[in-house]
Amino acid sequence: EVQLVESGGGLVQAGESLRLSCATSGFSFADYVIGWFRQAPGKEREGISSIVNRHGHTYYRDSVKGRFTVSSDNAKNTVSLQMNDPKPEDTGVYYCAARWGYSDYIGASYEYDYWGQGTQVTVSS
């Protein structure tokens, strides 16, 4: 019944902006943190951003800070990831995930309760 569905992935040139969306349903949106993770082939999944839906606070890992922006639409229970100035090293499968709570940090994969199936983002040089 719980669903998280990513959309907006695709192939872009370096520097060409991209916007990902995570549509959620089946859980109390305001009581959860939504995280964005990515995984490149052969590498570990890494958290890149999160937003605390209770108060809207956001957090970013250093490699994307200033380029990516996470935001939420509480009326639609959706979270977006605006990717400006993407680079080839940003290539990977992007996942959104939900964990119960209000703490303002990204956290590790195991802390999250629900996951989407991911969307591929490929940034060419």
Side-chain angles (χ1 to χ4, degrees):
E1 186 171 357
V2 172
Q3 291 188 337
L4 291 86
V5 181
E6 303 93 339
S7 62
L11 174 65
V12 296
Q13 295 282 336
E16 186 178 22
S17 294
L18 192 68
R19 188 175 181 88
L20 306 183
S21 180
C22 175
T24 75
S25 61
F27 63 94
S28 54
F29 190 75
D31 293 325
Y32 281 76
V33 176
I34 303 297
W36 283 98
F37 291 76
R38 69 186 179 193
Q39 187 166 23
K43 296 186 177 181
E44 296 181 355
R45 186 174 299 182
E46 63 176 3
I48 58 172
S49 185
S50 66
I51 183 166
V52 183
N53 293 330
R54 186 182 187 184
H55 47 61
H57 292 180
T58 59
Y59 190 84
Y60 304 90
R61 74 179 300 114
D62 289 342
S63 62
V64 307
K65 190 174 183 179
R67 299 187 296 119
F68 294 3
T69 303
V70 65
S71 61
S72 63
D73 185 337
N74 292 322
K76 298 181 179 180
N77 291 346
T78 62
V79 173
S80 297
L81 184 69
Q82 179 70 33
M83 302 170 61
N84 293 334
D85 191 27
K87 303 176 181 180
E89 53 263 41
D90 294 318
T91 293
V93 178
Y94 281 67
Y95 301 87
C96 62
R99 73 166 194 264
W100 186 93
Y102 316 110
S103 297
D104 192 10
Y105 69 102
I106 297 176
S109 297
Y110 71 83
E111 298 182 60
Y112 287 78
D113 302 306
Y114 309 119
W115 289 83
Q117 293 188 344
T119 184
Q120 177 72 42
V121 173
T122 303
V123 184
S124 63
S125 60

So how far is it from [X] [atom1] to [Y] [atom2], rounded to the nearest 0.5 Å?
| X | Y | atom1 | atom2 | value |
| --- | --- | --- | --- | --- |
| Tyr94 | Arg45 | OH | CZ | 13.0 Å |
| Asp104 | Thr58 | CG | OG1 | 7.0 Å |
| Ser63 | Lys87 | OG | NZ | 9.0 Å |
| Gln39 | Glu44 | CD | CD | 8.5 Å |
| Ser80 | Ile51 | OG | CD1 | 9.5 Å |

Do other residues, nucleotides or ligands put more than 12 heavy atoms under 6.0 Å from [X] [atom1]?
| X | atom1 | result |
| --- | --- | --- |
| Glu89 | CD | yes |
| Arg54 | CZ | no |
| Gln117 | CD | no |

Testing Tyr32, Tyr112, Tyr110 one by one against Arg99 for a side-chain hydrogen bond (donor to acceptor under 3.5 Å, both in side chains), which residue passes? Tyr112
If you take all heavy atoms of [X] and [Y], which pair is closest and at what distance?
| X | Y | answer |
| --- | --- | --- |
| Ile106 | Ile48 | CD1-C, 3.6 Å |
| Cys22 | Leu4 | SG-CD2, 4.0 Å |
| Gly47 | Arg61 | O-NH1, 2.8 Å |
| Val121 | Gly9 | CG2-CA, 4.1 Å |
| Arg67 | Pro86 | NH1-CA, 3.8 Å |
| Asn77 | Thr24 | O-OG1, 2.8 Å |

Side-chain donor/acceptor of Thr91 to backbone N/O of Val123, under 3.5 Å: yes
Any donor-acceptor N/O pair, Arg19 side chain to Gly8 backbone, under 3.5 Å: no
Pick out which of Thr78, Asp73, Asn53 makes a side chain to side chain contact (heavy atoms under 4.5 Å, CB included) with Phe29. Asn53
So ring pair (Phe, Tyr, Trp, His ring centres under 6.0 Å) across residues 48-84, not counting sequence neighbours, yields His55-His57
Could you walk me through whether Glu111 and Tyr105 pass side chain to side chain contact (heavy atoms under 4.5 Å, CB included), step by step? CA-CA 11 Å; Glu111 298 182 60; Tyr105 69 102; 2.5 Å; yes
Please say yes or no: joined through hydrophobic side-chain contacts below 4.5 Å, possibly via intermediate residues, are [X] and [Y] part of one cluster?
| X | Y | result |
| --- | --- | --- |
| Val5 | Leu20 | no |
| Tyr95 | Trp100 | yes |
| Val2 | Val79 | yes |

Just by distance, no angles: are the side chains of Tyr102 and Asp31 close enough, under 3.5 Å, to form a donor-acceptor pair? yes
Quick test of your reading: applying side chain to side chain donor-acceptor pair (under 3.5 Å), list the pairs with at least one residue in residues 5-16, sequence neighbours left out, ordered by first then second residue. Gln13-Ser124
